Structures are given as C-alpha cells and as structure tokens.
Amino acid sequence: MSKINELILVLRVAYARAYVRIKGVNRDLTHFFIDVFLPLLGISAIILAYKSMGAPENLLGFAAIGGAMIAFWYNVLWSMGSQLYWDKEQGNLQLYIISPAPLIGILLGMAIGGAFNMSLRAITILIATSLLFNIKFNLNAILPAFLIFILTLFALYSLGMIFASTFLRFGRSISKINELLGEPILFFSGVYFPLKLFPIVIQIVVSIIPLALGIEGMREILILNKTLFEIIWILILLIALGIIFFVIAVKMLEYLEKLGKNQGTLTLKWD
Amino acid sequence: MLESIITINLSRYFGDVKALEDINIKVNKGEIFGLLGPNGSGKTTLIRILTTALLPTKGEAYVLGYDVKKDYLKIRKYINIVSGDEKAGYGVLTVRENLWFFSQLYGYNRSEGWRIVNELIEKFGMQEYADRKINRISHGMFQKYNFVRGLLNNPLVLFLDEPTLGLDVNISREIRNYIKEWIKEDRERTVILTTHYMVEAQELCDRIAIIYKGKIITVDTVENLLRILSKESVYEIKTNLINQVEKIKSIQGVKAIDVENDASRMISKIRVVVSEDSVISDLLSFLKNEGIKVISLSKEEVTLEDVFLYLVGRKL
C-alpha cells in the first residue's frame, strides 16, 4: 500500500470512527442536556460565590472558561483512555486488528468525535454563562482564541491517545491512574482560578498540561484582551506538546500492536 | 495456486503451555474446512495466527500465499471473521450504521460503503430491523448481522468460529444455508469453520481436522472419517447409574466409551464403540455381574461424534 493510500485509509477510518461518536451520542438529546446542564450548575455555583464576595468581573469569565473546559479532560480520560479496553471486551478490537485499518485511524476518529461533541457542549456552556451572568468576552479576538482552543484539543487528545494505548497494555487496573489524574489535573489547570496564584515553580511545571495552557491562553485573549503575539509562548508550547504527544501515541500503538501479537494479549480478554 | 492456507510445523507456545505444536495443514480454495476439538484444544489459537492477530512461536503459515509474519497487511484485505459469541459493534448505532462503519475499515469510500451495506441487507432479508439499534435486536438477528459484517469486504477466506452458537434451529439452518451458498458462488473462496456441533460439521465441511491438545490428530473428508469405524460397531445402552467406566474400558474389544449420567432420573447412557458385535455380550455380562440393570440396548449408526470419541478418547 502506498503512503498516499495509507493516509486515505487512516482518514476514512477516522471519519467512520468519529461518525460513531457523533451520531451515536447526539442521537439521544438527553445526553446533551445532562452534559450541559449539570456542569452549568457547578460553574454557576462558583460564579455566584465570586459575585457574593465582590470578586473582580474578570474572575467570573475565568470560571466560565475553565468550567467549560472541564468536560474535555474527563472525555480524554474516560472516553478516550478506556475506549480501546471496552472495544477489546466487546470484540471490536479483534475486528480492527484483522482488518487493514490502522489503529491510529481509530484513535484519531475517537479523538475527533469526542472533541466535536465536547466542543458543542463547551460552546453552549459559555453562551449560557455569558447570558446568565452577563459575562463579557472579547468577541473581536474569537479567531486567535479558536486557534488556541484547537491546539489545546490537539495536545489534549494526543495525550488521550497515549492513555488509550496504555489502557490497551495494562487493562482495567490502570483505571486507578485515571481516577488519580482526574481532580489533580483540574486543580493544577486552575479551572476556577488564575494560574498566577501558584508559585512560579508550579506554574512552570503545570505548563506541560495542555488543559492548563489552553485555559490560560483563552482567558488571556477573551477576558484580558491580550493579543496572540503577547502569549506566543502558550502557542509554541501547545504546538510542541501536541506534536510530542501525538508521536509518542503513534509509536506506543505500533509497539503495543507488535507486543500484543507476540504475547497474544492484544485480542485476548483480560484475566 | 490451489491452496488458500498452508501451515508448516506451526507451533505456538504461551510460556510452558504448548497451545499448538507442529501443525501441518493445507486447505484448498473452494473448500469448507472444519476444525473440530474441545475447548482449549488450540482451534482459536490457530485461527488467531491465520487471521494475523497472533504470531507463531515457530513454523510457517501462509494465507493466499502470503506469510502471516511478514505480509500480514496484504492478508488482512482478503480475510474476515465471524464468531458466535461476538457482540461487536456499537449499541448506539443501528444495524445499517454499524455495517457501514465496519465497511470503512476496508477502504471503501463513504457512498460505496453504503451501497454495499444496502445490497447485503436486501440480499439477506434484514430490511425489517436494519434501522434498529443493535442493542435492540434478538440474538438470532445479531448473529445474522455478524455474518453479513463478515462478508463486507467480500473476503476470500472467511473464518467462522462457532457461527451458530446458541442459535435456535431455524436460524442455525438459515446461517448454514448462507455458508453453503456463499462458497458455491465463487470457488476461489474458502471457509474455515470451528464448531461444537458435529451435525453442522458433517453437513457443511468438505474436510475436517480433528485437533486435540494443540496437535492435529487427523485430517480427512467426513466420509473417510466415518470409514475409520467401518469395522467397529456402536451401541447405546441405558442402565441405572454406573461408576465403573474404567472397568468397562478394560474389557477387551471396547475401543471407546462415553457415559452420560442423569442423576435426577438415576439413569446412565453409555455410548460404546466395540471392535465387533460379540464384545457387547461380554459387556452385558460384566454389567450383570456388577448388579447393573440394563434398561435398553440399541445398535447405532456411526456418527462423527463416535469417530471423535474413538480418536480422542472423549466427547467434544
């Protein structure tokens, strides 16, 4: 198979796998309602607390953006990370393996589908908080903010692909790691407060978390009216993280497929 | 090339466990080839290797002339698998949507995928439930959907792993008929079938490999396998409950025996292969001396099950 044909196949498989996620999840609108309404309650509680304390207006926008991004992290951890494990349990993985479809196409489709679904929800949450609490976003900077958003998703979902490969290798036992990563990452991403509250050392360390960078970048642009040039370091870091995570994910997947074929663990159900 | 599958001294070990050892088979194009063996005999391991999901520890295996170790990407275009206990697909999608999704794994473009799926749905009479979610259809419908999924890439080698497991008689018959029709349509095609149902193997397979403890015991046509017992006789005896199986085995002329105990009715059903009819009188004398009451005795036609019992020493 030529490289071009291989790429076309990856894209077709990715489209098909994204179709499963988008069509499947959005068929039942109650999912959408639950995914938007419940987080909105949590974000509203934080915003109301800020308001009651007479916090600066900026903080309300910070909480709205951070809160809207939480869903992406859980989606990456649980819907990306554990999906190949469930595919294996159901027998889908065996069918993927024995078909010409590259596994990276499947992961890419999962990522695109998940990111699309979560974006619809995040945008709805942002609009709702803006209307409910009269939060003003710098709409003139929507394009740079969108660029940061897309790069954040690229880095975040590439990380999700690494989790998926790891799950494939270690099985359900690794779900403990998911639980362990869930809240701490949200905390260190500063979803409800500015990262600047952390000591500088922690600020540097958390700059390898795409979620933290993305939230920070969008806040700087949409709330603090900064230009893309002023936060170029965020842009560069997100691109670098995205590429690094993506390459690691591809290599891990190749390695795990080889290992699985040698040891027979890839298509066998877990003990 | 006449053969679609060739294995040469194919072995697979999992640590100290020899799942397959020195498997040598040749499967011809146009053939339905059965793999018969109890659970853990190595059938699934052999299928995993031939479907490129698992590497052999040693030996060689070729599918359509391609080496499973080196040319696995070429093999994958031409094979597919359907398993009886399979629940593959996504419950949030309909039968039609799931089939389309799986078609995309084989490189069809979107519209081509839909066309093939719609044609297969019509051909297999699935219109009635094609737009129902797969988690809302019966086991029989699901297995038909599975079977159609296995045909999406128009494979040259189709692996059927217990395809009628748990299905009722009518749907099993329907699936068996599909298999027969499918292979007749194009003699370049091959089916590798594993089944626990001897009747199914007898009805469908051109040749059968009996596999036990990772080794091929024999490979032959159904007729030739039945001929193995052409000089022997098979009897079925119903008695009150017995536990003297080992003693019966030691009677001269008893070639194989299987005992099914029905504790609730206090009855044992003994199926025995004997070298000649006179042996049965020795057996009856033995039972009488042991105080075992014989309820009924009948001479039976030799079945594949008896051949399996004779060759392997236990029922499938």
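Since the structure is predicted, the reported quantities are computational estimates derived from the model, not experimental observations. For the numbers below, each heavy atom of this structure counts, side chains included, while hydrogens, waters and symmetry mates do not. Proteins come first, then strands; the chains are lettered A, B, ... in the order of their sequence lines, and each starts at number 1.
Ring geometry, A:W73 versus A:F163: the interplanar angle exceeds 60°, so the pair is classed perpendicular (tilted spans 30 to 60°).
Every residue meeting the salt bridge (Lys or Arg N to Asp or Glu O under 4.0 Å) condition with B:E86, not counting sequence neighbours, appears here in chain and number order: B:R149.
Using a 4.5 Å cut-off between heavy atoms, B:K133 contacts chain A through its side chain alone, with no backbone atom that close. Contact annotation for B:N109: both backbone and side-chain heavy atoms come within less than 4.5 Å of a heavy atom of chain A. Interface residue B:Y108: only backbone heavy atoms are found under 4.5 Å from chain A. B:S83 touches chain A through its side chain: at least one heavy atom from C-beta onward sits under 4.5 Å away, while N, CA, C and O do not. The part of A:D87 that comes within reach of chain B is its side chain, from C-beta onward, which places non-hydrogen atoms under 4.5 angstrom from that chain. In this structure, the portions of B:N80 lying under 4.5 Å from any heavy atom of chain A include both its backbone and its side chain.
Residues B:L158 and B:W182 are in side-chain contact: their nearest non-hydrogen atoms beyond the backbone lie under 4.5 Å apart. You'll find the side chain of A:Y85 stays beyond 4.5 Å of the side chain of A:Q90, heavy atoms only. B:F147 is not listed as a side-chain neighbour of B:P163, based on a closest heavy-atom distance of 4.5 Å or more.
Ranked by non-hydrogen atom pairs under 4.5 Å with chain B, the options A:I8, A:N92, A:V25, A:V13 are led by A:N92. When each of B:L93, B:I75, B:T51 is checked for heavy-atom pairs under 4.5 Å with chain A, B:L93 comes out on top.
Checked against the 6.0 Å centroid criterion, the rings of A:Y19 and B:F101 do not qualify as a close aromatic pair.
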